[in-house]
S.K.: 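Handing you a structure now.
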Amino acid sequence: MAHAREDEWLWGWDPTPGIVSVWAEPDGRAFVWRRLPGSGALVREDVRFRPWLLLASLENLTHLGARLRPEHEGPAPHRVTWQELEGPGALRYVVRADDGRMLATAVLQGAARRLGHPVGNLRELGAHAVLSLPPEEQYLVASGRTYFRDLGFDDLRRMQFDLETTGLEPQHDRIFLVAIRDADGKTDTLEAHGDSDAAEADLLQRLVARVRAIDPDVIENHNLHGFDLPFLAHRARLLGVTLALGRAGTPGLRQRPAARGAAPGRGGPGHDAMRRARYTVPGREFIDTLDAVRRHDFSTRELPGHGLKAVAQHLGLSSPEREHIPGAQVYEVFGSNPERVRRYARDDVTEAAGLARMLGGAAFALARMAPRRYERLADAGPATGVIDPMLVRAYLREGAALPAHEPGDGTPHSGAALHLFATGVARHVVKADVASLYPSLMREYRIGPKRDRLGAMLALVDRLVEQRLAAKARARAAPSGSPERYTNEALSAAMKIVVNSAYGYLGAGGLTRFADVHAANEVTRRGREVLRLICNELARRGVTLLEADTDGVYFSVPDGWGEADERRVVSEVAELLPPKVRLEFDGRYAAMLSHEPKNYALQPYDGALILRGVAFRSSRAEPFGEDFLRRALRCLLAGDIPGVRGAYVETVTALRRRTLPTLSVAAHVRLTKTPEQYLAARRRELPYEAMLASGQKHWASGEQVRVYRAVGGRAALLPEPEAGDNGGDPRDYDAEFYARQLRETFAARLVRALAPEDFAEVFADPEQPSLFAPSLANARPILTVLREPETEGEPPGLSADNFP
DNA sequence: CGTTTCCGGGG
DNA sequence: GTGTACGGAAACG
């Protein structure tokens, strides 16, 4: 096979199927859990591996004398063997021993002797001197095995659990209910019998017993690592319960270093102890759907928020009967209506399971490639977390010395092109974009890290792009909803993640092993060049450019053009680009409001309004403003200016007559400071003032409340509406404040769409009639051209020597 | 008005 | 095993 070597770099080489979990100890023991093909039965293999390290020199091991010997003389008990890798990389000695702790101790003792002071940890020697992977990764890199070969996502035994607690702080609050979904999809709840320590401890023990009975390969939930596991660990420690959740080894959760979580230098000390921890257990993988959601939204940028309910709703996973209870009320409701809380908690695990399946396939597919545990790949950044381990494996497989991290030379990193050509409303809009622009440029112009002498990065990108096309084709050929379709779509998503982060890896300063700012800048320079060529060539063909960003362009076409004409100009321009740079027709829209760079609204020919950019989709926006904006935009993009006026007048009037419920002006906010912290800070903030004004002197950090500005500039707290209870609405909001907000923050987003006199007319105060007769019947939205594409006198696009 | 601080998730 | 990035909104000066 032509690419056998490169396929080994990408997939590893050991064909062992069905691995669902790997646990290794520093002493050289590895436990491998596999599901057998066919039966799906679980087996555990106990194997030995030789722990290894990469060193820049052997100077810290010379004190071993005869106990240090070359690898080719073969391993022997209590000996350290060494092997020199070939080529110029700094990390050039692989040293191995039967026991990794003995190996590390030998290096540390040698370093201490040489440096004249004790050295406690290999990391103290620096990344330029030593590379030491966690034991599982040492095992996977050396063996060429990976997770999940010949296994489908649905072959995994997955369970979900979700804690219901009396509050957010495990120091004071209790777990009173746990919803469970087993591997066959059956849900139920476990509950504490009473509110004593003993009752809670008994609940935790029953949870542990259920997990062991279900015996899942994977445990999933939304914010599992940020909430459920740390909360559970804390309560178990307080109550003296042992969490024997693993499949081997000593019982209890183990901590691993956090990948995501606490931001240092911000927030109070100890305040995010919950977020810092990542727990792990032998034989099972903890998967947090919040990680999958973030990874997904990073590329799509279309989610309204990252909370479970919002995401499930958005992705169509919520059932119409989905039970909702505001977090702060769950425990209270449990007292009066426990059945409601049970339904709510079961709905939570059901949605978490659905989310995990819908978005979790990418991490699953990554685990078939990269030599890391599945749970680490699920929360890893793609550059250091996925690409780097693959490159390390490739270099070791080839016996090649590995470069160490090197600081940049101070060259700044230059970015992508962003052009706003016109603002306002345009009709007949087309979006064209280049599929995977940066990877295509890297491939087309062979731009890779200078120190990657094997060319492994470009080889990986080449193979991934080719194999991704094949996976997409297989997905298309498979019946919709089939495991075959799912697997190949997930594979394609995983490959896209890796391919698209190759560029990020290059540009990551001194953070990645093969970082190369010059190469990264060459990629962006080519990208800007390509985008400019696309814009110029489109403009020459008679379209009006609207916005171009990195790899795509929106433009509007003359009246009378049909879809065939639109596609024709795109393919004409596509013909002018280098072979691996593929410009594609990405969509067509009836109209677009171009507001600011990366902020626009699109009206499809049929279908719902699409809002992009934070100006149009702020999660904290008050509902009345959001509703107004959607109504106004729909009218605006249909050319109906009187309709925009109507929406505005209605909203202002409803505010002033207080026919809008207080709920629609209230903001849903989270209290992140304790009363003590707030009172100690000088800064006054509306939500806390509202708490204090309502007489509440105690609250927990993390509590969510609805606040609004009441008459007289007062901060006020809106009591959470009980189901079916609308009588308690105070309706004392400051109508003029919200009328001003409607004009200044919401209507303002339409400012580019109208001539100034029309804008003034449309958003004139309805109670202060203007002197001029309304003339909106003839008003039209406007488009303002800000700049013309560079046509003359510019370099004629890409330099000729780059074309075949 | 420009600058600084805070936010994202879970009960 | 270390990092989020980023852009908006509200409060401050």
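We name chains A, B, ... by the order of the sequence lines, and we start the count at 1 in each one. Every heavy atom of this structure was used, including side-chain atoms; hydrogens, water molecules and symmetry mates were not.
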S.K.: Between dG9(B) atom C1' and Leu359(A) atom CG, what is the distance in whole Å?
M.R.: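 Result: 16 Å.
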S.K.: At 4.0 Å (heavy atoms only), tell me whether Asp162(A) reaches a base, stays on the sugar-phosphate, or touches nothing.
M.R.: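 Counting heavy atoms under 4.0 Å across all strands, the contact made by Asp162(A) is with sugar-phosphate only.
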S.K.: Given dA10(C), dA11(C), dG9(B), which nucleotide is nearest the side-chain atoms of Leu686(A)?
M.R.: dA11(C)
S.K.: Describe the nucleic acid contact of Arg235(A) in one word from base, sugar-phosphate, nothing, applying a heavy-atom distance below 4.0 Å.
M.R.: nothing
S.K.: Check the distance between dG9(B)'s P and Phe227(A)'s CZ and give it to me in whole angstrom.
M.R.: 15 Å
S.K.: Given dG1(C), dA10(C), dA11(C), which nucleotide is nearest the side-chain atoms of Arg372(A)?
M.R.: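 Closest of the options to the side chain of Arg372(A): dG1(C).
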S.K.: Closest approach to the side chain of Asn599(A), judged atom by atom: which nucleotide of dG1(C), dG8(C), dG11(B) is it?
M.R.: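 Closest nucleotide among those given: dG8(C).
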S.K.: Without decimals, in angstroms, what is the distance between His225(A) NE2 and dG8(B) P?
M.R.: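 After rounding, the reported distance stands at 20 Å.
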S.K.: Nearest to the side chain of Arg376(A), heavy atoms from C-beta on, is which of dG11(B), dA11(C), dG1(C)?
M.R.: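 Between dG11(B), dA11(C), dG1(C), the one nearest the side chain of Arg376(A) would be dG1(C).
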S.K.: Hey, is Glu200(A) close enough to Arg174(A) for a salt bridge, meaning N to O under 4.0 Å?
M.R.: yes
S.K.: What integer distance in Å separates Leu355(A):CG from dG9(B):P?
M.R.: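 Spelled out: CG on Leu355(A) to P on dG9(B) is 13 Å.
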S.K.: Name all residues meeting the side-chain hydrogen bond (donor to acceptor under 3.5 Å, both in side chains) criterion together with Asp551(A); count only those two or more places apart in sequence or in a different chain, and write none if there are none.
M.R.: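 With neighbours one apart ignored, the set is empty.
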S.K.: Quantified in whole Å, what is the P atom distance between nucleotide dG3(C) and nucleotide dG10(B)?
M.R.: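 Approximately 24 Å lies between the P atom of dG3(C) and that of dG10(B).
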S.K.: Can you tell me how far C1' of dC12(C) sits from CD of Glu685(A), to the nearest Å?
M.R.: 11 Å
S.K.: When you compare the side chains of Thr289(A) and Glu220(A), does any donor N or O come within less than 3.5 Å of an acceptor on the partner?
M.R.: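 Note: Thr289(A) and Glu220(A) side chains miss the donor-acceptor criterion.
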S.K.: Of the nucleotides dG10(B), dT4(C), dG8(C), which one has an atom closest to the side chain of Arg294(A)?
M.R.: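 Selected nucleotide (nearest to the side chain): dT4(C).
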S.K.: Considering only atom C1', compute the distance from dT4(C) to dC6(B) and round it to an integer number of Å.
M.R.: 16 Å
S.K.: Checking all strands, does Asp388(A) fall into the base, sugar-phosphate, or nothing category for heavy-atom contacts under 4.0 angstrom?
M.R.: nothing
S.K.: With distance as the sole test, does Arg372(A) use its side chain to make a donor-acceptor pair with the main-chain N or O of Val386(A) at under 3.5 Å?
M.R.: no
S.K.: Could you please name the option among dA9(C), dG9(B), dG11(B) that lies closest to any side-chain atom of Leu290(A)?
M.R.: dG9(B)
S.K.: Of all the choices, dG9(B), dG1(C), dG11(B), which nucleotide is nearest to the side chain of Arg123(A) once you look at every atom?
M.R.: dG1(C)
S.K.: Remember a base hit wins even if backbone is also touched, and classify Ile325(A) as base, sugar-phosphate or nothing at under 4.0 Å, heavy atoms.
M.R.: nothing
S.K.: Using the side-chain heavy atoms of Leu308(A), tell me which of these nucleotides is nearest: dG10(B), dA11(C), dA10(C).
M.R.: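 Nearest listed nucleotide: dG10(B).
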S.K.: Using whole Å, report how far CD of Gln329(A) lies from P of dG10(B).
M.R.: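 Roughly 16 Å, once rounded to whole Å.
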S.K.: Would you please indicate if the ring centroids of Tyr395(A) and Phe514(A) are separated by under 6.0 Å?
M.R.: yes
S.K.: If we take the P atom in both dA9(C) and dG9(B), what is their distance in whole Å?
M.R.: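 It works out to 16 Å between them.
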S.K.: Rounded to whole Å, please give me the gap between NE2 in His172(A) and C1' in dG10(B).
M.R.: 16 Å
S.K.: Under 6.0 Å between the ring centres of Tyr279(A) and Phe286(A)?
M.R.: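 Judged by ring-centre distance (under 6.0 Å), Tyr279(A) and Phe286(A) do not meet the cut-off.
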S.K.: Between dG7(C) atom C1' and Glu596(A) atom CD, what is the distance in whole Å?
M.R.: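 Value for this atom pair: 11 Å.
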S.K.: Using a heavy-atom cut-off of 4.0 Å across all strands, would you classify Ile175(A) as base, sugar-phosphate, or nothing?
M.R.: nothing
